[in-house]
Structures are given as structure tokens and as C-alpha cells.
2 protein chains.
Amino acid sequence: MPRRPERGKRPTLADVAERAGVSAMTVSRVVSGNYPVAPPTRAKVLRAMKDLDYVVNAHARSLAATTTKTVAFVVDDVTGPFFALIARGVEHQASSEGRLCLLCTTHGDPERELAVVELMREQRAEAVILVGGAWDTATYAERTAAFARALEKSGSRLVLCGRPAPEEGLPVSTVEYDNEGAAYAMTSHLLANGHRRIAYVGRAVGLSTTDERVAGYRRAHADHAVGFDPSLVRAGEFTRESGTALTEALVEERPDVTAVFAATDMVAAGVLAALRRRGVRVPEDVSVAGFDDIPLASDLTPALTTVHVPHEQLGREAVRLALHRGPGAEDRVMLGTHIVIRDSVAPPRAAVVP
Amino acid sequence: MPRRPERGKRPTLADVAERAGVSAMTVSRVVSGNYPVAPPTRAKVLRAMKDLDYVVNAHARSLAATTTKTVAFVVDDVTGPFFALIARGVEHQASSEGRLCLLCTTHGDPERELAVVELMREQRAEAVILVGGAWDTATYAERTAAFARALEKSGSRLVLCGRPAPEEGLPVSTVEYDNEGAAYAMTSHLLANGHRRIAYVGRAVGLSTTDERVAGYRRAHADHAVGFDPSLVRAGEFTRESGTALTEALVEERPDVTAVFAATDMVAAGVLAALRRRGVRVPEDVSVAGFDDIPLASDLTPALTTVHVPHEQLGREAVRLALHRGPGAEDRVMLGTHIVIRDSVAPPRAAVVP
DNA sequence: AGCATCACAGATAGCGGTATCTATAGAAGA
DNA sequence: TCTTCTATAGATACCGCTATCTGTGATGCT
């Protein structure tokens, strides 16, 4: 009695082989197409495959061939436009390189990140892309380094996207953009407009990205010979709500502030909402600048002056770096940013523009 | 000479077993924890695992155990807030059920969707979740049906999220929300405000979701004894740009329109931008309503009156339905929507509110 | 003491592919 | 004509894990 795939079971190479009257090996060759098979034989096999609706078993294949054609990427939250844009870049590049995407979220929880990277190791992903800022703690840096080494040992590759490598000589690829420079440029823009009391709002303490941004903010102040006032740096989250709350407090405590540099566009949206609620006009009374240039930025009222970050390219580069490695291949890319001037920044009312 | 994992190769069960001085089977039992192992033995094994930094091979496991612990979801574009929110729901539920997420995008291309579903079949995903509206063509319906049957045959499950099942008796689960009812409610709201010439903007021709929405729009007109004017339904894409372009044309051709019902909030953002550019005030001159209630909606100026769609729940239900199937388990869920009234709708200037 | 019962650990056989070697025709060359 | 290729297909041995069966001391019971 001919062996036929029972219901609920998928046909295997052997099933196809039997139906086509050839060996399993021949079918395998037709499927992967990396070995000459005589046209008539190939036709028979293709026919049998179609008849049985055969699909290869990716797990069996990666077990035998030790290559998974899979890249994993780990983000805080898919919902954030920042991550979504990078995700799009990753997905694009991955699929154009014939890879599948594994998606995991950490909700900003370092513990979950640990679990998730472990999961990716189980999956033998070719690359694991960690997106977003890193926590500036020694243990976190140590753990990232451990990830990198563990993945390397497994023949996989860690890619840090939008965060710096924790130490030199680690087997990681990094794709970054110039946070410090961007923050410097935007702060300079505000200073050049005559602002002297500029609040930086939405700083998540101890996150690499913001630390760099604050550094740029400070350097700009120094270069313009404006004293740095620590009380103008307001810690919070990267959310709209945080922007609102921080702004409420800021307006209350520091009515002398004439400009707000929000850590992200999302925070800026919250800032604008809070100011509007309080009857503060933007940019007449207070200027507001953002960071990211997410699609929403130009839809805010007033349209947001912000820093453009090439998110999608960030994602694409991450995959490219991970997949094309070899002698002479780069393993570190720094992408440029630039400020986008819209309508939310203007000189302060009583400004003495230099 | 003791067999040790060579560099570049990951340790296997056998390596751990050898180091712990037990059999591979015992190690397997410790790892999966579904069989009693004497505490001292377990300790030895755990020690060896830690020493070697052992990680199971998910592919080998799913090959042997014939269960992949993976759900796949297929969206048009991760960047769209609509999809991102659903994705979040999917990811949440999946990870809380111990499943991994495979992400694929189709860019609205039915051909790519075909390829992608094939890929998911190769991966033996436990469930494949198709997100977003379906094309209303016979061949598309036929193909969806084919997907459903093929996946069912492989012991997997197709879940349609936000689109109806193409035919009865198909092995699919569906999670929908009431497009027709929501559009009816919103149109009624506009009509009740006194609007009589309401444009529906951003209709992608032949997409199930919009067809349903247009149906609700028409039913509301009928119930309010207002004639349906086909020239007020403007076809386009679900993008901000499309909203802008369609509005430009609309204002030009139909200056008598007093309200615009945008197909999505994203389109509404474009509509608002176009109206603002033309100096048309919202809601004083023209009212605008959206659909989706994405986070951006409340940040628009004026804050957008829109239909709230429970995206995240949609995603969660999709996973739940796919994973918990059995006698008596539901395989179809319809989630409710409701309109969210903000500031973008008001009676028309010369309105005679009934 | 004598035997059934446990609780645990090992042996074995695949899961569904691919790498690699071997076998067998027919074509080509001497 | 006989050997040597070359093109094609088959056989075999894993990849790393789990299901399932078998073995064996220690325990409980009469």
C-alpha cells in the first residue's frame, strides 16, 4: 500500500519522492535548485510537489544546513513611531536579502531583554538587532558584552542600532546616528534665535541616547557662553504623557523659560498639548523643538522644528552590516542627522538676537 | 579524548550530557522539566549547562516535538499606527502564551502576500494572522480560502484580523470590528449636526473595510432621508498624502461640502493639512471626522473626532483564538467600536439643526 | 524472605531535511 | 573496441532533539 501523507500531517520529501518515482535526494535537489537535475526528472518532481502541495520544513532544513535565514530584532515597543520606522527598514532589507524577521519586544525592561535574547539564541537567528538606547549601567554594559560574545560563539551576530558599543573589541556591529551633534545643532539653533533659558525635557536618566543629547545640549551652551543650568534638564519618559506632565511642572516652576527642547517628537507632542492647555502660545511665547522627525511632527500645530533621524536607513544598515561580514567589511556605521526647521521655533519676545 | 564543542559550534545536549556524566536523555529532561529527575542529578546537569553556556536548538526541538511555539503575522506596513497597534496586541498575547512572533510585510501587494504565507507554511507557524482589509475580488477570496485550507491541513490556523471570512465553513478564525456600524454612527453624528453634503475621502476601491464603511455611510444617509451622492465618495489611498490630494480636489470641485469623513485618521491628518493650507477653518467652515483613533488623533489641531477601533485587543484576540481551539471554543469575534467626540466636528455655519 | 512497585536513568528510533560519497548509464576519446 | 569521462541519481550518515520503551536498584507489602 503506497504510503500517503495522513490527514493532519504534511507531505515530506519522501512522499514527494515516492510519488515522482525518484529518491528523496533528487527532490531535495529540485527544491533547493543548487545541483543539476535532468529536465524531465525535474518536471516529474515539480508535478508531484504541486500535487501534494509540498512545502519544505524550514526547521528540518536549518537543522541540517545549519543556516536559518532569520534575523531577529528586539525593540521596546512596536507602537512607537521611532521603532516602527526602524522596524520597517529592518524588514525591508531582511526580506530583500531573503531573510525572515523575528520580532520581540521588551517594554523597556532589561530583564525581558535578557530573556528575549536568550530566545533568539535558541532560534539560531543569524543576527540579533537590538534597537534603541542602552542603559548606562555597568551591569547592563557587561550583559550586552556577554550577549555579543555568546552570539558570536554561536556563529550569530549582535547588532546595536542607535546605541554605542559598550566596549572596544567586542564582536558587535553598530549603526548609530550622531545624537550629540544633533542635540548640539538644535540647541545652537535655539541659542542663535536668542533663547537663553532652554529646558531639556523628557530625559530618561541613564539612557545612552539621552546622555549624549544632553552632552550636545551642554556643549552648545558652553560654545555660546551661556551657563548650564541643571534645573532646566527635566527627567521623564519618552512618552507624550511625560511631556505633558513635565511641562506642567516646568511652567509652574520656571516661568522664565523661553524654549523647550523635547527629547523626542512624542514628548514634544505632550509639551505642545500642555502649553496649549495653559494658553501659552507657540512659538510666540515659548519655542518648542523635538527630536526624531517622525511623520507626526509636521502634523502638529505648529509644525514641529525637530532633528531628522534616518530611522529606516538605520534599520536597513543594521541588517546589511549583520549579513555582509568578511575581510574588509565595515562593522560600524554612523549616520548623519540634520535639523528640520518648521514653525515651532521663533526668537523669544524680548530677545536680543546677537 | 573528551569530545568538546569546537569553536564556532554550539554545545549540544550530548556535550552537556558528557560533561555532567549522564545521558543526553537526562539532560533533555532537565531542560524541558516535564519528567522527574533526582535533585543531585539535576544539579550536576544544570552546572554543566551553565559551564558550557548551553542553549537548546529550537529547530531541532520543533522538528522532534512537532510544535513550533511560533505565530506569524502579516501586515501591510509596520509603520502604520493601525498595524503597529495590532502588532503590539499580537506580540503581547503571543509572548504571554510563550510564543514567538514572526513578522512579515506585504506592502499591500497581494503577490507578496502569497509568498509570505508560503514562507510561514515553511516555518510551520502555529498560526498565521493576516491583518487588515481584504481585496474584494473573487481570485483574492479564492486564494484566502486556499491559504486557510492549506494551513489547516498542516495543523496550523489562519486568522483574519479586521477582515471578514471570504466564505462560510472555511477553517479560519476571524476577529473583526464593526466597520459598517461605526461608519453609520459617525455619519449619523455628522448628519445630526446638520451636515447634508458629507464627503467620504480616502476610499481604496475594492477593499473590504472601506466597502463596509461606505455601506454604513450610505445607510446613515438613507435613514436620515438624505440622498446619497456618489460624487462625494473620493477614492484614494490610506495615506496622509492621499488625504491632502483628495481634499485639494474636493475643495475645488465641491465647495458646497460642509463635512469630510476621512477613511482613516492618517487620511484625516492630510485633510486637515490641506484645509489649513487653503485657509478653511475646522470645524467652523468644514467639519472633519476620522476613523481608527490612533494616538495621533488627539494631537491634531483641532483634536480629531473619530471612531475608536480597539486595535490592540484585536491583535490579542487573534492570538487567543488561534491558540485556544477545541470543542466549544469560539472562532469568530466581533469587537465593538464607538465614536470619540473631540473638536473637529461642529454644525455647519448655515445649519438648521433638526 | 519473596515479589510487586517505584523512581529514576539509559537506549533506541525517528522528526525531515542536506552533505557527501558512491553507482550507473551514455558520450567521448584513443 | 575498450577505457575514461561526465552527467545524473541513489545511499548513507548525520543535524540536535524528544517519544517511548527498557533496565535496575531501592522500597513497600504480605
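Chain A is the first sequence line, chain B the second, and so forth, proteins listed ahead of strands; every chain is numbered from 1. Keep in mind that this is a model prediction, so the values were computed, not measured.
- Taking every side-chain heavy atom of A/M25 into account, C/dT18 is the closest of C/dG17, C/dT18, C/dC15.
- Looking at the side chain of A/Y54, the nearest of the listed nucleotides C/dG17, D/dC17, C/dG16 is C/dG17.
- Between the NZ atom of A/K69 and the P atom of C/dT18 there is a distance of 12 Å, rounded to whole Å.
- Rounded to whole Å, atom P of D/dG16 lies 15 Å from atom CZ of A/R121.
- Here C/dG10 presents its C1' atom at 13 Å from NZ of B/K44, a figure rounded to the nearest Å.
- Counting to the nearest Å, the C1' atom of D/dA19 and the CG atom of B/N34 are 10 Å from each other.
- B/S28 has a side-chain polar atom (N or O) that falls below the 4.0 Å cut-off from OP1 or OP2 of D/dT18.
- Within the 3.5 Å criterion, the main-chain N or O of B/E91 finds a donor-acceptor partner in the side chain of B/S95.
- When rounded to the nearest whole Å, the span between CD of B/E18 and P of C/dG10 equals 13 Å.
- Side chain of A/E312 to backbone of A/L85: no donor-acceptor contact under 3.5 angstrom is found.
- B/R325 places no side-chain N or O within donor-acceptor distance of the main-chain N or O of B/L323, the cut-off being under 3.5 Å.
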When you check every protein heavy atom under 4.0 Å of nucleotides 4-9 of chain C, what one-letter string (B, S, -) results, 5' to 3'? ----BB
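- Between A/R61 atom CZ and C/dG16 atom P there is a gap of 15 Å when expressed in whole angstrom units.
- Taking atom CD on B/Q123 and atom P on C/dG17, their separation rounds to 13 Å, with Å as the unit.
- Each of B/A24 and B/A65 was matched to the nucleotide of DNA chain C holding its nearest heavy atom; the match closer to the 5' end belongs to B/A24.
- Between A/T106 and A/D76, the side chains place a donor N or O and an acceptor N or O closer than 3.5 Å (distance only, hydrogens not considered).
- The interatomic distance linking A/L13 (CG) with C/dG14 (C1') rounds to 15 Å, in whole Å.
- Aromatic ring orientation, B/H92 versus A/H107: tilted (interplanar angle from 30° to 60°).
- Side-chain contact annotation: B/T79 with A/R88, donor-acceptor N/O pair under 3.5 Å present.
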Does the pair B/D331 and B/R157 meet the rule for a salt bridge (Lys or Arg N to Asp or Glu O under 4.0 Å), with working shown? CA-CA 11 Å; B/D331 63 356; B/R157 181 76 173 183; 3.8 Å; yes
